[in-house]
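Just below is one structure, and these are the notes that go with it.
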Amino acid sequence: MDAKKVAVIGGGTMGNGIAHVFAMSGIPVNLIETKQEFADRALSTIEKNLDRMVKKEKIDEAKRSETLDSISIFLDVKEGVKDVDLVVEAVPENFEIKKSVWSQVDEAAPDHAILGSNTSSISITKLAALTDRPEKFIGMHFFNPVPVMKLVEIVRGLETNDETYDVVEETAKKLNKAPVPVNDAPGFVSNRVLMPMINEAIFCVGEGVATPENVDEVMKLGMAHPMGPLRLADFIGLDVCLDILNVLYDGFKDPKYRPAPLLVKMVDAGKLGNKTGEGFYKYD
Ligand code: 3HC
């Protein structure tokens, strides 16, 4: 089976990036949002990112228009998934929201459709169990900014079958991404390795070992990271980092994953990083 048409549910930071890369690879996308204003915001972000690519001469004007023309907006989940081969869900990391979305998808998507979640922290096996086709359920974990980052972590749940894995791996290659298989476990591989580093960087700030700027300089200049861990935490969202650390902490019952008190405090204060204009740094 080939994924000839896909539905992307959620047009936020990850969802609009995922729709962008599918559409740019010539795969038509039904982009599903809850309100027209959210859909408009997603489309204008995609346009802005395509304009940036035109300016850098990575794509031409024709490719830009073709990409935008391949995206259709839907405000109803069941309508948006009824004629697709693959669904990629990128709604907020809240189990109740995902539960409601997946029950609608399972009811309306064609029987052959593969169901993929871009969750960064919720168990793929647990999400798969919300549907009547856990063998067709898989994690398709993209990285921000999606048009730039090569990796797609492909997460196999307990019951994911080989055919589902193969189709999703092939699809990721068509997007010009590098698929890496992992099995379902808290934080998968990416966030199990990344989040303890970010958390430790926050402990350093909280304990007065160094300023955010200096922690970031150490990791950028000493370890060749493109962004320091605190700038990256702001970019990901401090609330998202805290949620993922809590998944690791609860999942492994190991105190090494306990969230830094300063991270909890900043989330309580509503300083969530780029999206609220302030985190470890201030943003316009
Ligand atoms: N769309 C399209 N292109 C984009 C883009 C976007 N949204 N954002 C950046 N780019 C392109 C730029 O055009 C530029 O292209 P060029 O190399 O041809 O000139 C290139 O990316 C680099 O961008 P900039 O020059 O504007 O800025 P930087 O050199 O500072 O790079 C960055 C920006 C790519 C974000 C880089 O800092 C980086 O790689 N940071 C680390 C990002 C990271 O670790 N992401 C993973 C987060 S974890 C995650 O997502 C998982 C989740 O579960 C938490």
Side-chain angles (χ1 to χ4, degrees), residues 10-25 41-59 63-64 67-68 88-94 98 116-124 127 139-155 175-178 180 182 184-199 201 216-217 219-221 223-248 251 259 263 267 272-275 279-281 283:
T13 310
M14 299 304 288
N16 75 59
I18 296 168
H20 173 141
V21 294
F22 273 107
M24 218 173 72
S25 308
R41 198 187 304 162
L43 278 178
S44 90
T45 304
I46 295 170
E47 267 187 74
K48 202 179 69 195
N49 287 329
L50 287 168
D51 287 343
R52 184 209 299 247
M53 295 177 110
V54 171
K55 216 166 141 196
K56 298 235 170 184
E57 295 180 350
K58 286 184 178 166
I59 58 168
K63 185 75 186 169
R64 174 192 183 278
T67 303
L68 287 171
V88 183
E89 165 271 309
V91 304
E93 289 290 280
N94 172 303
K98 293 205 192 270
S117 177
N118 178 59
T119 182
S120 51
S121 56
I122 299 174
S123 157
I124 294 301
L127 291 175
M140 221 180 160
H141 186 204
F142 289 83
F143 292 80
N144 187 20
V146 180
V148 179
M149 306 306 280
K150 289 292 283 183
L151 176 66
V152 183
E153 200 176 29
I154 303 187
V155 189
L175 304 181
N176 201 20
K177 300 287 179 202
V180 176
V182 308
D184 193 18
F188 316 134
V189 170
S190 53
N191 282 320
R192 183 170 176 177
V193 175
L194 174 65
M195 287 302 158
M197 180 190 70
I198 287 178
N199 201 35
D216 280 351
E217 282 299 279
M219 299 306 288
K220 271 174 28 187
L221 302 181
M223 286 78 186
H225 288 201
M227 269 177 173
L230 298 163
R231 179 79 65 184
L232 181 57
D234 277 358
F235 183 63
I236 293 169
L238 299 187
D239 52 338
V240 176
C241 293
L242 179 59
D243 284 347
I244 298 172
L245 279 160
N246 278 325
V247 166
L248 290 167
L263 174 62
V267 171
L272 307 182
N274 301 42
K275 62 187 166 191
F280 289 99
Y281 298 91
Y283 303 88

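Keep in mind it's a predicted model, so treat the numbers as computed, not measured. Heavy atoms only: backbone and side chains are in, while hydrogens, waters and symmetry mates are out. Positions are given from 1 along the sequence. First listed ligand is number 1; within each ligand, the first listed atom is number 1.
Scanning for side chain to side chain contact (heavy atoms under 4.5 Å, CB included) contacts around Pro145 gives Pro147, Val148, Met149, Phe235, with sequence neighbours left out. The salt bridge (charged side-chain N to carboxylate O under 4.0 Å, His left out) check on Arg64 picks up Glu47, Asp51, with sequence neighbours excluded. For His141, the ring pair (Phe, Tyr, Trp, His ring centres under 6.0 Å) partners are Phe143, Phe188, not counting sequence neighbours.
Closest approach of Ser121 to Val247, counting heavy atoms only: O-CG1, 3.2 Å. Here the shortest heavy-atom pairing between Val21 and Ser25 reads O-OG, 2.8 Å.
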Atom pairs and distances, ligand 1 N/O vs protein N/O under 3.5 Å:
residue, atom, partner, partner atom, Å
ligand 1, 7 (N), Asn49, OD1, 3.2
ligand 1, 15 (O), Lys58, NZ, 3.1
ligand 1, 18 (O), Lys58, NZ, 2.9
ligand 1, 19 (O), Lys56, NZ, 2.6
ligand 1, 45 (N), Asn144, O, 2.7
ligand 1, 50 (O), Asn144, N, 3.0
ligand 1, 53 (O), His141, NE2, 2.7
ligand 1, 53 (O), Asn191, ND2, 3.1

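Separation of atoms OG1 (Thr67) and NE2 (His20) is listed at 6.5 Å; rounding is to 0.5 Å.
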